[in-house]
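Below: the structure, in structure tokens.
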Amino acid sequence: RAHPDLRLLTTWESKPVETSDLTRNLFEDERKLVEILIGAGDDGLWQKQLEIRSGLSKVKLSRKLRSLEQKGLIEKIPYGNANKIRLKKG
């Protein structure tokens with residue numbers, strides 16, 4: 001039986017993804033964002049989609065994304081007035 005702290009998140013392809021290593025030292029909101037992005041797959045999400053799925057305000061989301069970017073977990077790709085957010089590969 002798996003350890004209770006080990007959390008598995010299933011992507012749309014039904015492949016289990018271990019999130020414990022990625023989210024170990026993150027705040028609750030940051031952990032939620034990383035788990036949403038894992039579920040989104042390699043293409044990532046638009047920042048607006050992330051705002052809707054996470055329930056965070058624009059300001060709070062922006063601050064959390066900046067923090068995750070500084071930690072090297074995500075990349076923010078600007079497209080005009082919008083941003084595509086995805087997990088960094090590697």
Side-chain angles (χ1 to χ4, degrees):
R1 184 174 170 158
H3 189 274
D5 290 339
L6 184 64
R7 298 177 60 195
L8 295 176
L9 187 70
T10 307
T11 65
W12 63 273
E13 297 172 332
S14 298
K15 292 181 188 171
V17 178
E18 262 187 51
T19 61
S20 60
D21 289 339
L22 272 179
T23 62
R24 180 167 294 147
N25 296 316
L26 299 179
F27 294 107
E28 184 180 343
D29 288 334
E30 292 173 339
R31 182 177 297 119
K32 182 195 297 186
L33 292 172
V34 169
E35 289 173 354
I36 291 169
L37 288 169
I38 288 171
D42 291 340
D43 290 338
L45 292 171
W46 294 103
Q47 190 165 335
K48 184 67 177 174
Q49 291 174 305
L50 208 44
E51 180 187 337
I52 292 166
R53 290 186 189 188
S54 68
L56 299 175
S57 69
K58 279 185 186 182
V59 173
K60 192 168 188 177
L61 176 62
S62 191
R63 289 180 182 152
K64 296 299 177 185
L65 290 175
R66 188 177 326 122
S67 173
L68 288 170
E69 196 171 23
Q70 289 171 346
K71 292 175 183 179
L73 293 174
I74 66 162
E75 55 186 344
K76 191 186 299 186
I77 304 137
Y79 286 92
N81 291 335
N83 293 312
K84 190 78 163 193
I85 313 296
R86 66 180 179 201
L87 291 173
K88 272 199 171 172
K89 295 178 182 172

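In this text, all values refer to a predicted model and were calculated from it rather than measured experimentally.
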Assess the side chains of E30 and S67: does a donor N or O sit below 3.5 Å from an acceptor N or O? yes

Spacing of [X] atom [atom1] and [Y] atom [atom2] [to the nearest 0.5 Å]:
X: L37; Y: E75; atom1: CG; atom2: CD; value: 10.5 Å
X: R31; Y: N25; atom1: CZ; atom2: CG; value: 9.0 Å
X: L73; Y: L26; atom1: CG; atom2: CG; value: 6.0 Å
X: L87; Y: I36; atom1: CG; atom2: CD1; value: 11.0 Å
X: N81; Y: Q47; atom1: CG; atom2: CD; value: 11.5 Å
X: E28; Y: L33; atom1: CD; atom2: CG; value: 11.0 Å

Trace of the salt bridge (Lys or Arg N to Asp or Glu O under 4.0 Å) decision for D42 with R86: CA-CA 7 Å; D42 291 340; R86 66 180 179 201; over 6 Å; no

If you compare all heavy atoms of E51 against all heavy atoms of L56, which two are closest, and at what distance to 0.1 Å? CG-O, 3.4 Å

Closest heavy-atom pair, L45 versus A40, reported as atoms and distance to 0.1 Å, is CG-CB, 3.6 Å

Derivation of the side chain to side chain contact (heavy atoms under 4.5 Å, CB included) call for L65 and I74: CA-CA 8 Å; L65 290 175; I74 66 162; 3.7 Å; yes

Is a side-chain donor or acceptor of S54 paired with a backbone partner of L50 at a separation under 3.5 angstrom? yes

If you count the non-hydrogen atoms of other residues, nucleotides and ligands that lie under 6.0 Å from NZ in K71, is the total more than 12? yes

